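Report on the following structure.
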Amino acid sequence: PLRTFLKERCKSGKFTLDEANFFFNEMICMSPRPPISSFNVLLGALCKKKHYNLVIFFFERLVLTELLPDIFTFSILINCFCNENRVCDGFVVLGRILRMGLMPDSVTFNTLIRGLCMEGKLTEATALFKGMAAFDCMPDVITYGILIDGHCKAGSLDKVKELFFDMKARGISPNYVIYTCIIHGCCCEGNLEEATSLFAEMVDQDVQPNIVTYSCIIDGLCKSGSMNKAMEMFSEMKRRNINPDVISYSTLIDGFCRAGNLEEAKSLFAEMGDRGVRPNTFSYNILIRGYCQNGKVDEAMTLYGEMMAEGFRPDVVTYTTLLTGLFSAGKVGDAQKLFHVMQLDGCEANIVTYNTLLHGYFEYNEKSKIIELLCKIAKTNLAPD
RNA sequence: GUGUAAGAUAUA
């Protein structure tokens with residue numbers, strides 16, 4: 001029934017799209033109609049499952065009735081536009097909120113600020129961060145988290161430092177997400193010293209690192225070639241009863257693959273299974289790349305078969321990785337066959353795939369193949385880079 | 001009762 005659907009299944013995310021459709025239709029036809037908050041539960045759950053366009057579509061159907069969306073509904077809608085990289089439409093929604101006489105709140109602004117950051121519009125994000133006060137909305141720890149992360153990803157660590165200082169000056173204590181974002185940013189820059197010292201600082205401030213914090217540090221250590229230190233952190237997290245998840249394992253497995261230590265990578269993959277942590281397409285891709293890079297394309301192909309047998313769908317990264325491996329092993333014919341299989345499998349090639357093919361055929365002087373590919377690319381909507 | 005932030009993989 002509708003009641004348990006909203007109260008339990010939407011919360012846990014255990015529902016199918018058909019069910020969502022069914023219940024939405026039911027709700028919209030009921031009379032009297034359920035309150036808007038019930039619609040919000042459904043839309044919020046769909047948004048969490050990343051069905052952004054469906055939420056947008058449902059919203060449009062919702063406003064055709066005389067039901068009035070509230071600030072929750074609008075914030076969910078804005079979030080969906082932002083996640084579709086349509087922050088512009090998010091602002092259109094903001095206009096609608098104001099015209100309806102509703103007051104946007106900090107969640108509304110935080111969502112828009114994140115949308116701007118995702119599109120690299122940091123100047124605008126900063127302007128909105130400053131402008132939200134005019135609507136009586138004060139930046140909170142989440143606002144700072146969003147901006148700090150945005151600047152980290154843009155590589156402006158100096159701005160990050162400013163914001164970090166600024167938030168403390170305003171009496172907002174950095175939480176574990178804030179520390180984790182900055183640690184991640186430092187790791188991306190290769191500044192492991194700073195990352196490590198922030199890690200120590202957070203512990204010192206009684207802010208507990210969580211599984212994400214550990215993954216960031218471990219990834220940073222792996223990428224800077226310090227596998228021993230990475231393993232130490234891995235043990236430390238286990239000692240602190242933080243159970244490694246598929247990302248923690250994949251991070252380390254990737255590190256060992258890049259270090260050329262396939263044995264250790266394989267043994268971690270096995271340990272992961274033993275501990276009941278399910279691999280995913282990501283983790284298979286990492287191992288496949290490890291085999292390819294270490295001159296074991298055949299084993300990589302075997303793993304590709306295994307992942308399918310285990311019920312995991314290869315994605316465009318899987319195929320592109322294998323294509324790279326096959327070309328560098330000189331198996332041009334096999335690469336061509338695999339590209340064919342990929343298409344039969346319903347996996348859309350992207351620009352990276354085409355670059356890989358072009359590069360491969362170029363290496364082997366297959367001029368006609370290159371021309372054929374360029375024509376194919378022209379027929380897609382892909383922008384050559 | 002409902003909305004907002006952080007971690008792992010492919011080409012050059």
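The shown structure was predicted, so the numbers you read here are calculated from the model rather than taken from an experiment. Below, chain A is the first sequence line, B the second, and so on; all start at residue 1. Quick note: numbers below take in every heavy atom, side chains included, and nothing from hydrogens, waters or symmetry partners.
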With a non-hydrogen cut-off below 4.0 angstrom, is [X] in contact with a base, only sugar-phosphate, or nothing?
X	answer
A:T111	sugar-phosphate
A:T321	sugar-phosphate
A:N83	nothing
A:T318	nothing
A:S248	base
A:I113	nothing
A:D140	nothing
A:Y176	base
A:V177	base
A:N210	base
A:T320	base
A:T251	sugar-phosphate
A:T281	nothing
A:I253	nothing

Could you tell me whether the side chains of [X] and [Y] share a donor-acceptor contact shorter than 3.5 Å?
X	Y	result
A:T16	A:E19	yes
A:T353	A:T320	yes
A:Y361	A:E372	no

Note: chain A reaches RNA chain B at heavy-atom distances under 4.0 Å over the stretch, first to last nt, 5' to 3', of B:rG1 to B:rA12

Is a donor on one side and an acceptor on the other found under 3.5 Å between the side chain of A:K223 and the backbone of A:G255? no

Exercise. Go through the steps for A:S37 and A:F72 under the test side-chain contact (heavy atoms from CB on, under 4.5 Å), then give the verdict.
Key: CA-CA 8 Å; A:S37 57; A:F72 287 76; over 6 Å; no

With A:Y249 as partner, the option from A:F282, A:F234, A:Y214 fulfilling ring-ring contact (aromatic ring centres under 6.0 Å, His included) is A:F234

Can you say whether the rings of A:F109 and A:F135 are parallel (under 30°), tilted (30 to 60°) or perpendicular (over 60°)?
tilted

